**Student:** 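Got a structure for you, written out below as structure tokens; questions coming shortly.
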Amino acid sequence: MFALIDANNFYVSCERVFNPALAQTPMVVLSNNDGCVVARSNEVKALGVKMGAPWFQLRELAEKHGIRAFSSNYSLYADMSNRMMNVLATYSPDQEVYSIDECFLVMAGFDHIDLSASGQRMRSQIRQWLGLPVCVGFGATKTLAKLANHCAKKNLAGQDGVCDLRQLDADERSRIFAALPVNEVWGVGRKLTEQLTRRGIQTVEDLRRANPETLRQAFSVVLERTVRELNGVSCLSLEQVAPNKQQIMSSRSFGTYVYDLPTLSEAVATYIARAAEKLRRQASLAGVVQVYIRTNPFKDNVPQYQRGLNIPLPEATNDTSRLIRAAHWGLKRIYQPGFAYQKAGVALLDLSPQAHAQMNLFSTTPNRAALMRVMDQINTAYGRGTLHSAAEGVRQSWRMKRDRMSPAYTTQWDQLPEVN
DNA sequence: CTATAACTCTCAA
DNA sequence: CTAACGTTGAGAGTTATAG
């Protein structure tokens, strides 16, 4: 028995909490570099703006309807998310934080009890304590809880932002599922929708009634599980503790095009530093460093180039400067002059636990774990980047654009809003 | 020929 | 005035390679 609680238009709603004057304003939150729309208010959705739409293409529409746009304010959203998860954790001992704005709860012992009232309590509590609107879905499996949440958001069954699918009788449920396109199902994306449609499976109900073995043959074990889950057979369990990452990536588009190797090197060093921090936080070592650069694939009138390289390390490490050295070595090999680079990225691969590191018999490099520890401590205490590698550069002219940021209302004293 | 590694594709937020 | 299109991670399936 699962619940899935999901915030409505999460980033937009976070902005509105601290700027209530925006409550009715059509508004969006943009991705990094102020590039694409990643959150839309209902007013903007009603105008037909799609998720992921490039902001510059919406200029005319935005002007016409007075759409306000904000840069992503991740420190604000992460803080609001933590508060929301803490409140929801009081409703069940078993919680899986699935993403920044949603979590699953296991409601053990409530198998045959209508939980609508519980759902309403969650909603009003989070509304009152945090100012955020959320919807709640209940179902016998994770996939059904997700679907129930969708129904709650669209008010298809149940009411006022809560839907308990288990309370519907079979006919009613079939009617609702038959009216939902198959792509509303968790795990059914663009490609699968296309292929399923060709086989005559167009609605959620079609998929629920499909033969799981046949679909496993034709597609994958993943889709088989989905079909079973739609029929109330739980195949996906709650994952309460996030396992360590198997790979850690850091990549960004630049605020302006970059042409030269020294500048690319700065960016790559900066990305490595971020990735290495994450690596140390989970007490792992990286055995391989990957580095890649690319031009802007959307600009078809300029020469295109993209390349990446994996650099195996002689000895697994989480030492930032050693990782930077490897990445720079790789970057020099893939760099070609004469291109307008738009993005660079790094990844740390072949991760292993620090606790049982494989040593190198011939290693002469000093162990600088203590140095890394101090660096992390200082940066935690005084803010990211307080202490950093010289290789990261100082001016960082390539830094991404964030021209439309709201204040860090909840995490910076000097950015607290004034109260009149 | 088999086991593993590396790569590709799809999906999610 | 012009140009301006995200990031991170997982899992399954397929292909390449090593032994």
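Predicted model, so just to flag it, every value in this text is computed and none were measured. By convention in this document, chain letters (A, B, ...) are assigned in the order of the sequence lines, proteins followed by strands, and residues within each chain are numbered from 1.
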**Student:** Determine, using ring centers only, whether A:Trp186 and A:Phe2 are less than 6.0 Å apart.
**Tutor:** no
**Student:** If we take the P atom in both C:dC5 and B:dA13, what is their distance in whole Å?
**Tutor:** 25 Å
**Student:** What is the nucleic acid contact for A:Lys299, judged by heavy atoms within less than 4.0 Å: base, sugar-phosphate only, or nothing?
**Tutor:** sugar-phosphate
**Student:** Between A:Lys142 and A:Glu96, does any NZ, NE, NH1 or NH2 come within less than 4.0 Å of an OD or OE carboxylate oxygen?
**Tutor:**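 Result for this pair is yes, salt bridge flagged.
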**Student:** For B:dA12, take OP1 and OP2 only and decide whether either is under 4.0 Å from a side-chain N or O of A:Ser99.
**Tutor:**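 So the side chain of A:Ser99 is outside the cut-off, no N or O lying under 4.0 Å from OP1 or OP2 of B:dA12.
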**Student:** Both conditions, 6.0 Å and 45 degrees, for the charged tip of A:Arg333 above the ring of A:Trp329: are they met here?
**Tutor:** yes
**Student:** Between A:Arg190 (CZ) and B:dC11 (P), how many Å, whole number?
**Tutor:**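 My rounded result for the distance is 7 Å.
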**Student:** Between A:Arg59 and A:Lys278, which has a closest nucleotide on DNA chain C that is more 5'?
**Tutor:** A:Arg59
**Student:** Nearest of C:dC5, C:dA12, C:dT8 to any side-chain atom of A:Met249?
**Tutor:** C:dT8
**Student:** Any side-chain heavy atom of A:Arg384 sitting closer than 4.5 Å to one from A:Asn379?
**Tutor:**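 Answer no - side chains too far apart.
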**Student:** For residues A:Lys146 and A:Phe104, report the shortest heavy-atom separation together with the two atoms involved.
**Tutor:** CG-CZ, 4.1 Å
**Student:** Scan A:Val185 against the nucleic acid and name what it touches under 4.0 Å (heavy atoms): base, sugar-phosphate only, or nothing.
**Tutor:** sugar-phosphate
**Student:** Can you tell me the Watson-Crick or wobble partner of C:dC5, both distances under 3.5 angstrom?
**Tutor:**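 Pairing partner: none.
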**Student:** Nearest-nucleotide wise, let me know which of A:Asp34 and A:Tyr292 is further upstream toward the 5' end of DNA chain C.
**Tutor:**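 By nearest-heavy-atom nucleotide position, the 5'-most residue is A:Asp34.
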**Student:** What nucleic acid atoms does A:Arg225 come within less than 4.0 Å of, heavy atoms only: base, sugar-phosphate, or nothing?
**Tutor:**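 Sugar-phosphate, backbone atoms only, no base.
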**Student:** Report the distance from atom CZ of A:Phe254 to atom P of C:dA3, rounded to the nearest whole Å.
**Tutor:** 21 Å
**Student:** Given atom CG of A:Leu236 and atom C1' of C:dA12, what is their separation to the nearest angstrom?
**Tutor:**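 Rounding to the nearest Å, CG of A:Leu236 and C1' of C:dA12 are 14 Å apart.
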**Student:** If we only count heavy atoms from C-beta on, is the A:Tyr409 to A:Cys14 side-chain gap below 4.5 Å?
**Tutor:**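 They are not in contact (no side-chain heavy atoms under 4.5 Å apart), so the answer is no.
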**Student:** Rounded off to whole Å, could you give me the NZ-to-P distance for the A:Lys153 and B:dA13 pair?
**Tutor:** 10 Å
**Student:** Within the structure, does a side-chain N or O atom of A:Asn296 lie under 4.0 Å from either OP1 or OP2 of C:dC5?
**Tutor:** yes
**Student:** Expressed as a whole number of angstroms, how long is the span from A:Arg307:CZ to B:dC7:P?
**Tutor:** 13 Å
**Student:** In this structure, how many angstroms lie between the P atom of C:dA12 and the CG atom of A:Leu192, rounded?
**Tutor:**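 Interatomic distance, CG of A:Leu192 to P of C:dA12: 14 Å.
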**Student:** Scan every strand shown for a Watson-Crick or G-U wobble partner of C:dG19, both distances under 3.5 Å, and answer none if you come up empty.
**Tutor:** B:dC1
**Student:** Using the six-membered ring wherever Trp is involved, compare the ring planes of A:Trp398 and A:Phe254 and label them parallel, tilted or perpendicular (cut-offs 30° and 60°).
**Tutor:**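 Because their plane-to-plane angle is over 60°, the rings of A:Trp398 and A:Phe254 count as perpendicular.
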**Student:** At under 4.0 Å, does any side-chain N or O of A:Gln247 touch on OP1 or OP2 of C:dT7?
**Tutor:** no
**Student:** Without decimals, in angstroms, what is the distance between A:Trp186 CH2 and C:dA10 C1'?
**Tutor:** 12 Å
**Student:** If you check the A:Ser31 side chain, which of C:dG6, B:dA12, B:dT10 turns out closest?
**Tutor:**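 Of all the options, the side chain of A:Ser31 is nearest to C:dG6.
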**Student:** From the list B:dA12, C:dC5, C:dA10, which nucleotide is the closest neighbour of the side chain of A:Lys245?
**Tutor:**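 Given the options B:dA12, C:dC5, C:dA10, the side chain of A:Lys245 is closest to C:dA10.
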**Student:** So which nucleotide from B:dA13, B:dC11, C:dA4 ends up closest to the side chain of A:Tyr98?
**Tutor:** B:dA13
**Student:** Has A:Lys343 got a side-chain N or O lying under 4.0 Å from the OP1 or OP2 atom of C:dT7?
**Tutor:**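 Checking C:dT7 against A:Lys343, a side-chain N or O does come within under 4.0 Å of OP1 or OP2.
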**Student:** Provide the Watson-Crick or G-U wobble partner of C:dG11, both distances under 3.5 Å; none if there is no partner.
**Tutor:** B:dC9
**Student:** With a 4.0 Å limit, can you tell me whether A:Arg404 has a side-chain N or O closer than that to the phosphate oxygens OP1/OP2 of C:dA4?
**Tutor:**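 Negative; the distance criterion is not met.
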**Student:** Under 4.0 Å: is that the gap between some side-chain N or O of A:Gln57 and OP1 or OP2 of C:dA4?
**Tutor:**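 For A:Gln57, the contact criterion (side-chain N or O under 4.0 Å from OP1 or OP2 of C:dA4) is not met.
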**Student:** Does A:Ile248 reach a base, just sugar-phosphate, or nothing at all? Heavy atoms under 4.0 Å.
**Tutor:**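 Result for A:Ile248 = sugar-phosphate.
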**Student:** Are OP1 or OP2 of C:dT7 and a side-chain N or O of A:Ser253 less than 4.0 angstrom apart?
**Tutor:** yes
**Student:** Please report the distance, rounded to the nearest Å, between CG in A:Leu223 and P in B:dA12.
**Tutor:** 11 Å
**Student:** Is any side-chain nitrogen or oxygen of A:Arg252 closer than 4.0 Å to OP1 or OP2 of C:dT8?
**Tutor:**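 For C:dT8, OP1 or OP2 has a side-chain N or O of A:Arg252 closer than 4.0 Å.
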**Student:** By the 4.0 Å heavy-atom rule, please label A:Tyr257 as base, sugar-phosphate, or nothing.
**Tutor:** sugar-phosphate
**Student:** Taking the minimum atom-to-atom distance to the side chain of A:Pro54, which one of B:dA13, C:dC5, C:dG9 wins?
**Tutor:** C:dC5
**Student:** Any side-chain N or O of A:Gln246 less than 4.0 Å from the OP1 or OP2 oxygen of C:dG11?
**Tutor:**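 True: A:Gln246 side-chain N/O within range (under 4.0 Å) of C:dG11 OP1/OP2.
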**Student:** How would you label the contact of A:Ser250 with the nucleic acid (heavy atoms, under 4.0 Å): base, sugar-phosphate, or nothing?
**Tutor:**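 Since only primed, P, OP1 and OP2 atoms lie under 4.0 Å of A:Ser250, the category is sugar-phosphate.
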**Student:** Are any non-hydrogen side-chain atoms of A:Ile5 and A:Leu105 less than 4.5 angstrom apart?
**Tutor:** yes
